[in-house]
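Take a look at the structure below.
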Amino acid sequence: VQLQASGGGLVLSGGSLRLSCAASVQTFSGYSVAWFRQAPGKEREFVSAISWSGGSTYYADSVRGRFTMSSDNAKNTMYLQMNNLKAEDTAVYLCAAGSARPLLNSADYYSRSSVYDYWGQGTQVTVSS
């Protein structure tokens with residue numbers, strides 16, 4: 001599975017961006033999908049995920065209420081709509097997909113980078129204050 005992220009850029013504080021991540025599979029169905037981000041000098045940080053069944057969506061506390069993640073299986077593409085962006089949202093955003101199908105879903109499980117087998121190259125988001 002190859003993932004291609006796009007949509008990053010430079011935006012003013014309070015602005016919006018929509019990230020996309022296209023996959024080289026026929027369908028995202030059955031894969032868990034996620035967005036992570038990494039700022040310079042910091043560890044990779046979980047942003048949002050959709051469970052493999054598509055039934056649950058999880059968000060980091062720092063983005064809940066501002067970011068919305070979605071997935072379009074027909075287009076094999078996942079999205080991250082980011083509103084009310086803040087300077088602290090500045091980072092490289094990476095999309096990821098995982099093939100495991102756990103019996104129990106939890107925010108803790110989907111927030112772990114080790115869950116995901118496939119990673120995109122990342123797209124830079126810079127929020128200027």
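This one's a predicted model, so the numbers in the text were calculated from it and none came from an experiment.
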TODO: Please collect all salt bridge (charged side-chain N to carboxylate O under 4.0 Å, His left out) contacts where either partner lies in residues 43-55, sequence neighbours excluded, each pair once.
DONE: Arg37-Glu45

TODO: Check whether Tyr31 and Leu80 end up in the same hydrophobic cluster, where Ile, Leu, Val, Met, Phe, Trp and Tyr are linked by side-chain heavy atoms less than 4.5 Å apart.
DONE: yes

- [ ] Taking salt bridge (Lys or Arg N to Asp or Glu O under 4.0 Å) as the test, write out the residues that go with Arg101, two or more places apart.
- [x] none

TODO: Return the set of residues passing side-chain contact (heavy atoms from CB on, under 4.5 Å) with Gln124 (not counting sequence neighbours), or none when no residue passes.
DONE: Thr90, Val92, Thr126

TODO: Could you tell me whether the side chain of Thr123 and the main chain of Ser6 form a donor-acceptor pair under 3.5 Å?
DONE: no

Check residues 16-23 and write down every donor-acceptor pair under 3.5 Å in which the side-chain atom is one partner and the other belongs to a residue at least two apart or another chain.
| residue | atom | partner | partner atom | Å |
| --- | --- | --- | --- | --- |
| Ser16 | OG | Asn83 | OD1 | 3.0 |

Open item on the list: To the closest 0.5 Å, what do you measure between CG (Leu3) and OH (Tyr118)?
Closed with: 9.5 Å

- [ ] Return the minimal non-hydrogen interatomic distance between Ala100 and Tyr109, and the atom names on each side.
- [x] CB-OH, 3.6 Å

TODO: Check whether any side-chain heavy atom of Arg66 lies under 4.5 Å from a side-chain heavy atom of Lys86, and answer yes or no.
DONE: yes

Task: Path from Ile50 to Phe36 over hydrophobic side-chain contacts below 4.5 Å - done: no

Open item on the list: Listing request: all ring pair (Phe, Tyr, Trp, His ring centres under 6.0 Å) pairs with a residue in residues 49-108, at least two apart in sequence or in separate chains.
Closed with: Tyr58-Tyr110

Open item on the list: Could you check whether any side-chain heavy atom of Gln121 comes within less than 4.5 Å of a side-chain heavy atom of Leu94, counting everything from C-beta outward?
Closed with: no

Task: Main-chain N/O of Ser99 paired to Asp117 side chain as donor or acceptor, under 3.5 Å - done: yes

- [ ] Could you give me the CA-CA distance, side-chain angles and deciding distance for Leu10 and Ser128, then say whether side-chain contact (heavy atoms from CB on, under 4.5 Å) is met?
- [x] CA-CA 7 Å; Leu10 174 64; Ser128 173; 4.2 Å; yes

Task: Side chain proximity check, Asp89 to Met82, heavy atoms < 4.5 angstrom - done: no

TODO: Locate the shortest heavy-atom distance separating Ala39 from Ala91; write the atom from each residue and the value.
DONE: N-CB, 3.8 Å

Open item on the list: Can you confirm whether Met78 sits close enough to Ser70 that some side-chain heavy atom of one is under 4.5 Å from a side-chain heavy atom of the other?
Closed with: no

- [ ] Locate the shortest heavy-atom distance separating Tyr116 from Gly98; write the atom from each residue and the value.
- [x] CD2-N, 3.7 Å

Task: Residue pairs fulfilling salt bridge (charged side-chain N to carboxylate O under 4.0 Å, His left out) with at least one residue in residues 49-64, sequence neighbours excluded - done: Asp61-Arg64

Task: Worked verdict on Thr77 versus Ser71 for side-chain contact (heavy atoms from CB on, under 4.5 Å) - done: CA-CA 6 Å; Thr77 302; Ser71 178; over 6 Å; no

